[in-house]
Amino acid sequence: MNGSRHVYARRWMALFRITRIATAAAAAAMIALRPVSDADPLLGALAIGWCAWSIAAVRLWPDLQRDPLAWFVDVTVIFSLVAASGEWRSPFYLMAVSSLILPATGLAMRGALAVGAAFSLAYFTVALF
């Protein structure tokens with residue numbers, strides 16, 4: 001039983017890594033395609049940097065996968081990128097959604113649904129401003 005948990009944990013981490021890399025690359029590409037503002041290159045670099053840091057941190061400290069404070073920091077950083085992009089149709093939307101992978105895989109169904117609802121409300125709030 002413990003061996004199968006380890007396999008599932010590795011698969012979820014692979015999903016997190018692949019999704020985080022793909023969404024950061026997509027955000028950087030969308031920033032490159034939209035009209036350039038002074039902040040766009042910095043936002044793209046921050047997205048790629050956070051992608052690399054978040055993957056490395058979870059790999060170096062596996063307990064972060066189950067740490068609600070780490071999830072909160074992750075979503076806060078990404079919501080900051082969403083807010084800094086200046087529009088609710090942010091290039092960082094998909095990256096924000098990738099921040100739900102760890103809570104969704106580390107919590108029971110009710111907890112995961114609560115985190116998803118809180119995420120939706122928080123994104124809506126950030127989008128209003």
Side-chain angles (χ1 to χ4, degrees):
M1 190 74 155
N2 194 17
S4 65
R5 280 190 193 159
H6 182 68
V7 169
Y8 285 123
R10 281 194 358 245
R11 287 181 182 169
W12 285 121
M13 274 311 301
L15 174 68
F16 175 74
R17 283 191 310 271
I18 292 166
T19 304
R20 184 54 60 97
I21 291 167
T23 59
M30 285 185 266
I31 285 174
L33 294 174
R34 74 181 197 175
V36 178
S37 76
D38 292 338
D40 283 353
L42 177 61
L43 290 175
L46 287 172
I48 292 169
W50 184 252
C51 168
W53 169 249
S54 62
I55 290 170
V58 172
R59 189 157 175 91
L60 291 171
W61 301 288
D63 290 342
L64 291 178
Q65 295 175 46
R66 295 172 300 284
D67 186 354
L69 180 60
W71 305 336
F72 180 77
V73 169
D74 186 42
V75 78
T76 300
V77 169
I78 297 173
F79 278 173
S80 298
L81 291 170
V82 170
S85 72
E87 58 182 294
W88 71 271
R89 296 173 305 168
S90 173
F92 303 106
Y93 171 74
L94 293 174
M95 197 170 171
V97 172
S98 76
S99 69
L100 292 173
I101 293 171
L102 296 179
T105 60
L107 295 171
M109 179 70 78
R110 284 187 183 172
L113 289 173
V115 168
F119 172 89
S120 297
L121 181 61
Y123 192 88
F124 179 72
T125 303
V126 168
L128 284 176
F129 299 105

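All of these numbers come straight from a predicted model, not from anything done at the bench.
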### Task
For the pair Leu107 and Trp71, evaluate side-chain contact (heavy atoms from CB on, under 4.5 Å) and give the outcome as yes or no after the intermediate values.
CA-CA 12 Å; Leu107 295 171; Trp71 305 336; 3.8 Å; yes
### Query
Say you draw a straight line from CD1 of Ile101 to CE of Met13; how long is it, rounded to the nearest 0.5 Å?
9.0 Å
### Task
Say whether Tyr93 and Ile48 are linked into one hydrophobic cluster, either directly or through other cluster members, by side-chain heavy-atom distances under 4.5 angstrom.
no
### Query
Same cluster for Phe119 and Leu121 if Ile/Leu/Val/Met/Phe/Trp/Tyr side chains link at under 4.5 Å?
no
### Task
Might you work through the side-chain contact (heavy atoms from CB on, under 4.5 Å) test for Ile21 and Ile55, ending with a clear yes or no?
CA-CA 9 Å; Ile21 291 167; Ile55 290 170; 3.5 Å; yes
### Task
Could you pull out the closest heavy-atom pair between Pro91 and Ala27, with the gap in Å?
O-CB, 3.2 Å
### Task
For Phe16, check ring-ring contact (aromatic ring centres under 6.0 Å, His included) against everything at least two apart and list the hits.
none
### Message
I'd like to know if Val58 and Val73 are part of one continuous hydrophobic network [Ile/Leu/Val/Met/Phe/Trp/Tyr, side-chain heavy atoms within less than 4.5 Å].
### Response
yes
### Task
Answer yes if Leu15 and Leu102 sit in the same cluster of Ile, Leu, Val, Met, Phe, Trp and Tyr residues linked by side chain heavy atoms under 4.5 Å apart, and no otherwise.
yes
### Query
Rounded to the nearest 0.5 Å, how far does OG of Ser90 lie from CD1 of Ile31?
7.5 Å
### Query
Within a radius of less than 6.0 Å around CZ of Arg59, do more than 12 heavy atoms belonging to other residues, nucleotides or ligands occur?
no
### Task
For residues Leu100 and Gly116, report the shortest heavy-atom separation together with the two atoms involved.
CD2-CA, 4.5 Å
### Message
Test of understanding: clusters of I, L, V, M, F, W, Y form through side-chain heavy atoms closer than 4.5 Å, transitively. Do Phe92 and Trp53 belong to the same one?
### Response
yes
### Task
Apply side-chain contact (heavy atoms from CB on, under 4.5 Å) to Trp12 and Gln65, showing your working.
CA-CA 10 Å; Trp12 285 121; Gln65 295 175 46; over 6 Å; no
#### Entry: Pairs involving residues 96-123, ordered by first then second residue, that meet side chain to side chain donor-acceptor pair (under 3.5 Å) (sequence neighbours left out)
Arg20-Ser98
### Summary
Smallest heavy-atom separation, Ala104 atom then Ala112 atom, equals CA-CB, 4.0 Å
